[in-house]
Participant: 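Right, I'll just put the structure down here and ask away after.
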Amino acid sequence: MANVVVVGTQWGDEGKGKVVDLLASQADVIVRFQGGNNAGHTLVVNGEQTICHLIPSGILHQGKRCLIGNGVVVDPEVLLEEIDNLKQRGVLVGPECLSLSEKAHLIMPYHKALDLAREVAKGKDKLGTTGRGIGPCYEDKVGRTGIRAVDLLEPDTLEIKIKTNLEEKNFYLTQFLKADPLEFQPIFDKYRSMAEILMPYIRDVSLLIDEAIREGKRILFEGAQGTHLDIDHGTYPFVTSSNPISGTACSGAGVGPDKLGHITGIVKAYTTRVGAGPFPTELHDETGDYIQKRGAEFGATTGRRRRCGWLDLVVVRDSARLNGLTSLSITKLDVLTGLETLKICVAYDLEGRRIQARPASLTKLARCKPIYEELPGWKEEISSVRERNQLPAETKAYLKRIEEMTEVPLSIISVGPGREQTIVVKDPFATSRS
């Protein structure tokens, strides 16, 4: 059977959590490979909602091994809160089923202070960061001054690194950003106390994955955010601080590309975006309000209202290329129920020229006008449908057009938030690329 990678194909919030939760039932090991607690995967099981920020969504399946890879930046306080919350709900979440890569970089209080102070300084030009210190942590990682999980196990190393970093960060905070400085001792004491709890969770995740593969176990690699928030390939600078594309499953978990099998891209049946940044198909009318309300489009982590628009297949086609998608998994299809007419963006018009890919220049992208195809909508509720051929004719036509335009087949169709409200067209674990 193929190992499976799950990635988002839009600007995040595509419903990856539900698909990961669904596929986790067949997996032995679930690995989160990038991002931080600026992402939230919302799961609905038996009517109860759970939001995972750092811990892989598969944790709700007892008996599974969940791993947080080296590509994730981890706020230890948030991780411990998640562990405690899950324990209170009776979820098994000890070191025997959850491990944190010793190479994962840690978010420190000065990262969050910098994040917030920079946004304040930018004023109306702010990027819309969540203020959780994700970007500054990745900066330190690239700058080779970061603090890793393994440093929690070495108090002397931790002390030196915090003191060295604080000297620079406090200068920047006070002299340039006009913010308050941070003190060493409270930070050191807090991280030492958290280290005592986290110590048994800290492992070499790359080795654990390799052992699982050698034993013939099935691995599910879980990404955060979406392809068009990728630091290299997204709508820069309105992007996240990491690479949410499928190739990062290798570098962010510590495996070779030959270990990746089926790559499924999650596509919301329409398009949403949180925060600032270009959005060619955004709707500022009653239809946009209808989608926003019916889809309950609020950020799982931030609670911010999501901007809503028609499905943009220019964006999805770019994602198919960048990720090497084997299949598409469509989510929130039921939200479109009741709309008289649906629109799909199939290309952009850039000053009279038809283009098939999103330009890197935001100036050019701002001048792009979506070229739409119109399809009839459907009135029937589809949340109880469990077979693709039982969907309304208009729904089937909508899905077929997506497959035609992206040249990627569907594997999963979600018709509601619950686990059971799913149509499995092809099992990703049983489908390797040909």
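Please read all numbers here as calculations on a predicted model, not as lab measurements. In this chain, residues are counted from 1 in sequence order.
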Participant: OG of S251 to CZ of F33: how many Å apart, nearest 0.5 Å?
Facilitator: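 That separation rounds to 8.5 Å.
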Participant: Could you tell me which non-hydrogen atom of G58 sits nearest to which non-hydrogen atom of V20, and how far apart they are?
Facilitator: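 For G58 and V20, the tightest heavy-atom pair comes out as N-CG1, 4.5 Å.
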Participant: Do any N or O atoms from the side chain of H111 and from the backbone of I134 form a donor-acceptor pair under 3.5 angstrom?
Facilitator: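 Checked: no pair found.
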Participant: Without hydrogens or angle criteria, can the side chains of Y348 and D312 be said to hold a donor-acceptor pair below 3.5 Å?
Facilitator: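 Y348 vs D312: donor-acceptor pair found between side chains.
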Participant: Got a donor-acceptor contact below 3.5 angstrom from the T395 side chain to the L391 backbone?
Facilitator: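 Looks like no, no N/O pair under 3.5 Å.
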Participant: After noting the C-alpha distance and the side-chain angles of D289 and D285, does the key distance pass the side-chain contact (heavy atoms from CB on, under 4.5 Å) rule?
Facilitator: CA-CA 6 Å; D289 291 339; D285 57 12; over 6 Å; no
Participant: Would you check if the side chain of R32 reaches a backbone N or O of F221 as a donor-acceptor pair within less than 3.5 Å?
Facilitator: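 No.
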Participant: Between R367 and E351, is the closest basic N to carboxylate O distance under 4.0 Å?
Facilitator: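 Yes, E351 and R367 are salt-bridged.
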Participant: Could you name each residue pair satisfying side chain to side chain donor-acceptor pair (under 3.5 Å) that touches residues 63-75, not counting sequence neighbours?
Facilitator: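 Qualifying pairs: R65-S99, D75-K112.
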Participant: Evaluate the side-chain proximity of I413 to L399: yes if any heavy-atom separation is below 4.5 Å, no if none is.
Facilitator: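 Answer yes - side chains close enough.
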Participant: Looking only at atom types and distance, does a side-chain atom of Y138 sit under 3.5 Å from a main-chain N or O of H105, one as donor and one as acceptor?
Facilitator: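 Checked: no pair found.
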Participant: Pick out which of N165, I162, L182, L166 makes a side-chain contact (heavy atoms from CB on, under 4.5 Å) with M108.
Facilitator: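 Filter result, single survivor: I162.
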Participant: Could you walk me through whether T422 and V415 satisfy the side-chain contact (heavy atoms from CB on, under 4.5 Å) test, starting with their C-alpha distance in whole Å, then the side-chain angles of each, then the deciding distance to 0.1 Å, before giving a yes or no?
Facilitator: CA-CA 6 Å; T422 309; V415 293; over 6 Å; no
Participant: Between L260 and C250, is any pair of side-chain heavy atoms under 4.5 Å apart?
Facilitator: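 Yes. Closest side-chain heavy atoms under 4.5 Å.
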Participant: Is the shortest heavy-atom distance from the side chain of P428 to the side chain of I412 under 4.5 Å?
Facilitator: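 Side chain of P428 against side chain of I412, heavy atoms only: contact under 4.5 Å found.
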Participant: For the CG atom of L98 and the CG atom of L54, what is their distance to the nearest 0.5 Å?
Facilitator: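 Between atom CG of L98 and atom CG of L54 there are 10.0 Å.
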Participant: N243 and side-chain hydrogen bond (donor to acceptor under 3.5 Å, both in side chains): which single residue from D230, T227, T248 fits?
Facilitator: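 Only match with N243 under side-chain hydrogen bond (donor to acceptor under 3.5 Å, both in side chains): D230.
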Participant: Using the rule given for salt bridge (Lys or Arg N to Asp or Glu O under 4.0 Å), can you reason through D13 versus R306, listing the C-alpha separation, both sets of side-chain angles and the distance that settles it, and then say yes or no?
Facilitator: CA-CA 9 Å; D13 309 311; R306 294 178 185 141; 3.3 Å; yes
Participant: With a 4.5 Å heavy-atom cut-off, do C368 and I355 have their side chains touching?
Facilitator: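 Yes, side chains in contact.
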Participant: With H228 as reference, evaluate R273, H233, R358, Q10 under the side-chain hydrogen bond (donor to acceptor under 3.5 Å, both in side chains) test and give the passing residue.
Facilitator: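 For H228, the side-chain hydrogen bond (donor to acceptor under 3.5 Å, both in side chains) test succeeds with only one of R273, H233, R358, Q10, which is R358.
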Participant: Please walk me through it: do D115 and Y110 pass side chain to side chain donor-acceptor pair (under 3.5 Å)?
Facilitator: CA-CA 8 Å; D115 217 351; Y110 47 77; over 6 Å; no
Participant: Taking the side chain as every heavy atom from C-beta outward, state whether I209 and L67 have any pair of such atoms under 4.5 Å apart.
Facilitator: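 I209 reaches L67 side chain to side chain.
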Participant: For the NZ atom on K293, are there more than 12 heavy atoms of other groups (residues, nucleotides or ligands in this structure) within a distance under 6.0 Å?
Facilitator: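 At most 12 heavy atoms, drawn from other residues, nucleotides or ligands, come within 6.0 Å of this atom.
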Participant: Is the closest side-chain donor-acceptor distance between S242 and Q34 under 3.5 Å?
Facilitator: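 Yes, a side-chain donor-acceptor pair sits under 3.5 Å.
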Participant: Could you list the residues that satisfy side-chain hydrogen bond (donor to acceptor under 3.5 Å, both in side chains) with Y270, not counting sequence neighbours?
Facilitator: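 Once residues adjacent in sequence are excluded, the partners of Y270 under the side-chain hydrogen bond (donor to acceptor under 3.5 Å, both in side chains) criterion are E297.
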Participant: Show your reasoning for whether side-chain contact (heavy atoms from CB on, under 4.5 Å) applies to D334 and L336.
Facilitator: CA-CA 5 Å; D334 53 302; L336 298 178; over 6 Å; no
Participant: Using the test side chain to side chain contact (heavy atoms under 4.5 Å, CB included), find all partners of N85 that sit at least two apart in sequence or belong to another chain.
Facilitator: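 Expected list: Q88.
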Participant: Please report the interatomic distance SG(C97) to OH(Y201), rounded to the nearest 0.5 Å.
Facilitator: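 Interatomic distance, C97 SG to Y201 OH, rounded to 0.5 Å: 7.5 Å.
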Participant: From I30 CD1 over to I55 CD1, what is the distance, rounded to the nearest 0.5 angstrom?
Facilitator: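 Interatomic distance, I30 CD1 to I55 CD1, rounded to 0.5 Å: 12.5 Å.
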Participant: Are the side chain of N323 and the backbone N or O of S246 linked by a donor-acceptor pair below 3.5 Å?
Facilitator: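 Present.
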Participant: Do the charged groups of R317 and E407 touch, with an N to O distance under 4.0 Å?
Facilitator: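 No, no charged N to carboxylate O under 4.0 Å.
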Participant: Anything under 30° is parallel, anything over 60° is perpendicular, the rest tilted; go ahead and classify Y372 against W310.
Facilitator: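 Perpendicular, since the angle between the ring planes exceeds 60°.
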Participant: E387 vs K396, test: salt bridge (Lys or Arg N to Asp or Glu O under 4.0 Å). Steps then yes/no.
Facilitator: CA-CA 11 Å; E387 298 289 337; K396 288 188 283 189; over 6 Å; no
Participant: Side-chain contact, heavy-atom cut-off 4.5 Å: L79 with I68?
Facilitator: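 Answer yes - side chains close enough.
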Participant: Assess whether a salt bridge exists between E403 and K400, defined as any Lys/Arg side-chain N lying under 4.0 Å from an Asp/Glu carboxylate O.
Facilitator: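 K400 and E403: not salt-bridged.
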Participant: Kindly determine whether W378 and L333 satisfy side-chain contact (heavy atoms from CB on, under 4.5 Å), including the steps that lead there.
Facilitator: CA-CA 11 Å; W378 58 90; L333 187 62; 3.9 Å; yes
Participant: Measure the CD-CZ distance between Q292 and R307 for me, rounded to the nearest 0.5 Å.
Facilitator: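 Nearest 0.5 Å value for the CD-CZ distance: 12.5 Å.
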Participant: How far does CD1 of I202 sit from CG of L152, to the nearest 0.5 angstrom?
Facilitator: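 If I round to the nearest 0.5 Å, the distance is 5.0 Å.
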Participant: Would you call R118-E139 a salt bridge at under 4.0 Å N-O?
Facilitator: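 Looking at R118 and E139, the cut-off is met.
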Participant: Can you find a heavy atom in the side chain of T264 that is under 4.5 Å from one in the side chain of T326?
Facilitator: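 Sidechains of T326 and T264: no contact.
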Participant: Do the side chains of E14 and V267 get nearer than 4.5 Å, heavy atoms only?
Facilitator: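 No, their side chains stay 4.5 Å or more apart.
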Participant: Determine, step by step, whether R89 and E82 satisfy the salt bridge (Lys or Arg N to Asp or Glu O under 4.0 Å) criterion, reporting the C-alpha distance in whole Å, the side-chain angles of both residues, the deciding distance to 0.1 Å, and the verdict.
Facilitator: CA-CA 11 Å; R89 295 177 53 182; E82 279 195 41; over 6 Å; no
Participant: Tell me whether the count of non-hydrogen atoms from other residues, nucleotides or ligands lying under 6.0 Å of CD in Q390 goes above 12.
Facilitator: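 Above 12, so yes.
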Participant: Would you confirm whether K16, through its side chain, and G223, through its main-chain N or O, come within 3.5 Å as a donor-acceptor pair?
Facilitator: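 A pair under 3.5 Å: no.
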Participant: Within the distance-only criterion (no hydrogens, no angle test), does the side chain of S319 pair as donor or acceptor with the backbone N or O of T9 below 3.5 angstrom?
Facilitator: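 The answer is yes, because a donor-acceptor pair under 3.5 Å joins these two groups.
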Participant: Do D140 and K169 meet the salt-bridge criterion of a basic N to acidic O distance under 4.0 Å?
Facilitator: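 Between D140 and K169 there is a salt bridge, with a charged N closer than 4.0 Å to a carboxylate O.
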Participant: Check whether any side-chain N or O of D318 sits under 3.5 Å from a backbone N or O of V315 as a donor-acceptor pair, and report yes or no.
Facilitator: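 Judged by distance alone, no pair lies under 3.5 Å.
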Participant: Using a strict threshold of under 4.0 Å (side-chain N to carboxylate O), is an ion pair present between E373 and R401?
Facilitator: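 So R401 pairs with E373 through a salt bridge.
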Participant: Check the side chains of K268 and T272 for a donor-acceptor pair under 3.5 angstrom, ignoring hydrogens and angles.
Facilitator: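 Note: T272 and K268 side chains meet the donor-acceptor criterion.
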Participant: Could you check whether R354 pairs with D349 (Lys NZ or Arg NE/NH1/NH2 to Asp/Glu carboxylate O, under 4.0 Å)?
Facilitator: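 No.
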Participant: Should K379 and E340 count as an ion pair when the cut-off is N to O under 4.0 Å?
Facilitator: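 Yes, charged N to carboxylate O under 4.0 Å.
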Participant: Give the C-alpha distance, both sets of side-chain angles, the deciding distance and a yes or no for side chain to side chain donor-acceptor pair (under 3.5 Å) between K18 and T331.
Facilitator: CA-CA 9 Å; K18 177 186 173 176; T331 62; over 6 Å; no
Participant: What about F238 and W11, are their ring centers closer than 6.0 Å?
Facilitator: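 Here the rings of W11 and F238 have centres that are no less than 6.0 Å from each other.
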